[in-house]
Amino acid sequence: MSNVMDTLRERGFVKQTVYEEDLYKLLGSESVTFYIGFDPTADSLHIGHFLQLIAMKHMQDAGHRPIILIGGGTAMIGDPTGKTDMRKMMTRETIDYHVECFKKQMSKFISFEGDNGAIIVNNADWLTGLNYLQFIRDIGVHFSVNEMLRAKCFETRLERGLSFLEFNYMLMQGYDFLKLFKDYGCALELGGDDQWSNILAGANLIRVKEKKPAYAMTFTLLTTSEGKKMGKTEKGAVWLDETKTSPYEFYQYWRNTADADVEKCLKLLTFLPVPQIDALVAHRDERINAAKEVLAYELTKIVHGEDKAILAQNQARAAFGGGGELPEKDVHCENATIIQVLVAAGICASNGEARRLIQQGGVSLNDKKVTDINEPVNSGDTVHKGKKIHVKINLV
RNA sequence: GGGCGGAUUGCAGAGUGGCCAAAUGCAUCAGACUGUAAAUCUGACGUCUCCGACUUCGGUGGUUCGAAUCCACCUCCUCCCA
C-alpha cells in the first residue's frame, strides 16, 4: 500500500509527530486504527473540523481505520486549550443533541462500511461512570503537575485563572486514547496542532501503562496568511450545515480567499492531485482567480453535493459577471421600502444600519444606486449591498 | 477565611460628578483603487419615527438639579496572604 504519510506531508498536513520513523513504517505496512476527537460544542461542524475530516478521509482511503471520538464526556469539562475564558458548561441533553448533528454531517465524508469503515464512539460512555478514586490512582499517578504546568496550552490560562475542573481535561483525553487502545487497538491519535499537549499525554500514557508503542501526530492549523483562524466571518464561524451557512455563502467565502492562502487551502481541503494544484496556482496575478473558483467549487461540492455546488457557482457568476440566477430571498413586509427590505432580508441588522448604508452610497436596486431611503421595492427586484451581496427579493 | 484590585458599547482598553452614546486600537461594513485578492486612503460603526429623541457602562437600591463616574448591598473574577 502507498504510504499515506507521504500524501499528508506532500499536502502540508503534518505539523508534529512522535517516533516519526516508526510511525512511517507502521503506516506503510499495515492497516492502523487511529482516532480523532471532536468536541460537540455546537450543533454543526465547522471548517476546523472539516480539515480533520479530510485528513481522516486520506487515512481511510489508504486503508486505515478511523475512530471518530465525540467528546460528549469531555465536553462536560471544556477544553481549556487556547481559550481565555472558562467555557460555559453544557447540559447532557444539549451535548447529546450535538452528537446526533455531528454524526449526520460526518457520514457525508467518511465511509462507515467495509473492513476499515469508521466507527463513532462517545467518551461520555466511559467517562461518566468513572470512579474518581480509582481514576486518579490509575491515571492521575502518571501525570506530572510540573510538566502539565509547563505545557504551552495552559499558558494563557495560568494568567487568567484555570479551574481544577479544566486542568483535568488533559487526563480525560489521555484516558480516552488508552481506552481506545485497549478496546480497539487504536495506536494513533490525530488532531489539530493546538491539541499537541493533550494528544501527547495519551500516547505517553499508553507507553507507560501498557508498555506498547502509541503514536501522535498533529496537523497544521488552518490559519490565514495573517495568522488568524480561518473559517470566521463577521457572522461567526463558517458552518457545514446549510441552514447556518448557505451553500452560496459557503462558496463565496472560499471564492474570496486571499491569494496567499489559495494553495494551502487547495492542498489541505480538496482531493485534487498536487500537480494540478501547482498548475492552478502557478500565476500570481488575476489568473489566480481561476484557482479560487476551483477551490470554492470543489469545497462546496464535497460539503453540499455537486448540484448545490453548481448552483452556487452559477449564482456567484451571475452576481459578478451577469447572466444566470441570483440567490433569492422571500421577504415579508407591507408597503416595502428599501430600508424595510434590507432589514427583513437580513442584509442589514437594523434600520439605522440600512439608512447609513444608503446614505453612503452602498446600496443599489436593480443596478441603480439608491438615494432615497424610502424607495419602494417590488417583488422580483434585485437588491445589491456593496459589490458582493446581491439578492433577488420575492415579496410574500 | 483575610487583604488588594477589578467588572465599560464584538474584542482589547481609556474615562473616576455635567463638555459621555462614551478616547484609542483591532475586528466589521460601505466608498475610492482593484482581480469578487492583498495593501492603501476616506467615511461609518447603540436603537429609533435620525439635524431630534430614547436606552446603555456587572445587578439592585440610594445621594445629587445631574452618575459609567459618589454611597450601600449583592453577584462574578484576577492577584497577594492562609
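We name chains A, B, ... by the order of the sequence lines, and we start the count at 1 in each one.
- Using the Watson-Crick or G-U wobble rule with both distances under 3.5 Å, rU34(B) pairs with nothing in any strand shown.
- For F320(A), whose side chain is taken as the heavy atoms from C-beta onward, the closest listed nucleotide among rA44(B), rU36(B), rC48(B) is rU36(B).
- When each of rU36(B), rA30(B), rG35(B) is scored by its nearest atom to the side-chain atoms of K385(A), the top-ranked nucleotide is rA30(B).
- Side-chain nitrogen and oxygen atoms of S350(A) include none within less than 4.0 Å of the OP1 or OP2 phosphate oxygen of rG46(B).
- Residue contacts for R355(A): at a heavy-atom cut-off of 4.0 Å it reaches a base atom on one of the strands shown.
- Following rounding to the nearest Å, K292(A) (NZ) and rG35(B) (P) show an atom-to-atom distance of 12 Å.
- The side chain of L357(A) has rA30(B) as its nearest neighbour among rG35(B), rU36(B), rA30(B).
- Residue contacts shown for Q359(A) are absent, as no nucleic acid heavy atom lies under 4.0 Å away.
- Salt-bridge annotation for E20(A) and R9(A): present, with a side-chain N of the basic residue lying under 4.0 Å from a carboxylate O of the acidic one.
- OP1 or OP2 of rU49(B) sits under 4.0 Å from a side-chain N or O of N351(A).
- Nucleotide rA38(B) holds its P atom 16 Å from the CG atom of D285(A), rounded to whole Å.
- Note on K387(A): a base of the nucleic acid sits closer than 4.0 angstrom, heavy atoms only.
- Position along RNA chain B of the nearest nucleotide to R287(A) versus E353(A) favours R287(A) as the more 5'-ward residue.
- Using a 4.0 Å heavy-atom criterion, one finds that G352(A) contacts the bases of the nucleic acid, with or without backbone contacts as well.
- The partner of rA23(B), taking Watson-Crick or G-U wobble pairs whose two distances both stay under 3.5 Å, does not exist in any strand shown.
- Per the geometry, CG belonging to D259(A) stands 11 Å off C1' belonging to rU34(B), to the nearest Å.
- Rounded to whole Å, atom C1' of rG35(B) lies 16 Å from atom CG of L295(A).
- Residues I288(A) and E263(A) form no side-chain contact, since every pair of their non-hydrogen atoms from C-beta on lies 4.5 Å or further apart.
- We find that CZ of R356(A) is positioned 9 Å from P of rC48(B), with the value rounded to whole Å.
- rU28(B) is paired with rA44(B) under the criterion used here, namely a Watson-Crick or G-U wobble arrangement in which both key atom distances are under 3.5 Å.
- Under 3.5 Å, the side chain of Q360(A) and the base of rG43(B) form at least one donor-acceptor pair of N or O atoms.
- Remark: E286(A) does not engage K292(A) in a salt bridge, criterion side-chain N to carboxylate O under 4.0 Å.
- Annotation: cation-pi pair R255(A)/F250(A) absent, no NZ/CZ under 6.0 Å from the ring centroid and within 45° of its normal.
- Look at rG66(B): it lacks any Watson-Crick or wobble partner with both distances under 3.5 angstrom.
- Using a 4.0 Å cut-off between charged nitrogen and carboxylate oxygen, K244(A) and D43(A) count as a salt-bridge pair.
- For rG58(B), the paired base is rC74(B) (Watson-Crick or G-U wobble, both distances below 3.5 Å).
- Taking atom C1' in both rU36(B) and rC51(B), the straight-line distance is 37 Å, to the nearest Å.
- The distance between atom NZ of K264(A) and atom C1' of rA37(B), rounded to the nearest whole Å, is 15 Å.
- By the 4.0 Å N-to-carboxylate-O rule, K267(A) lies close enough to D278(A) to be salt-bridged with it.
- The residue R255(A) sits close to a base: some heavy atom pair falls under 4.0 Å.
- Rounded to an integer number of Å, the gap from NZ of K388(A) to P of rG31(B) is 10 Å.
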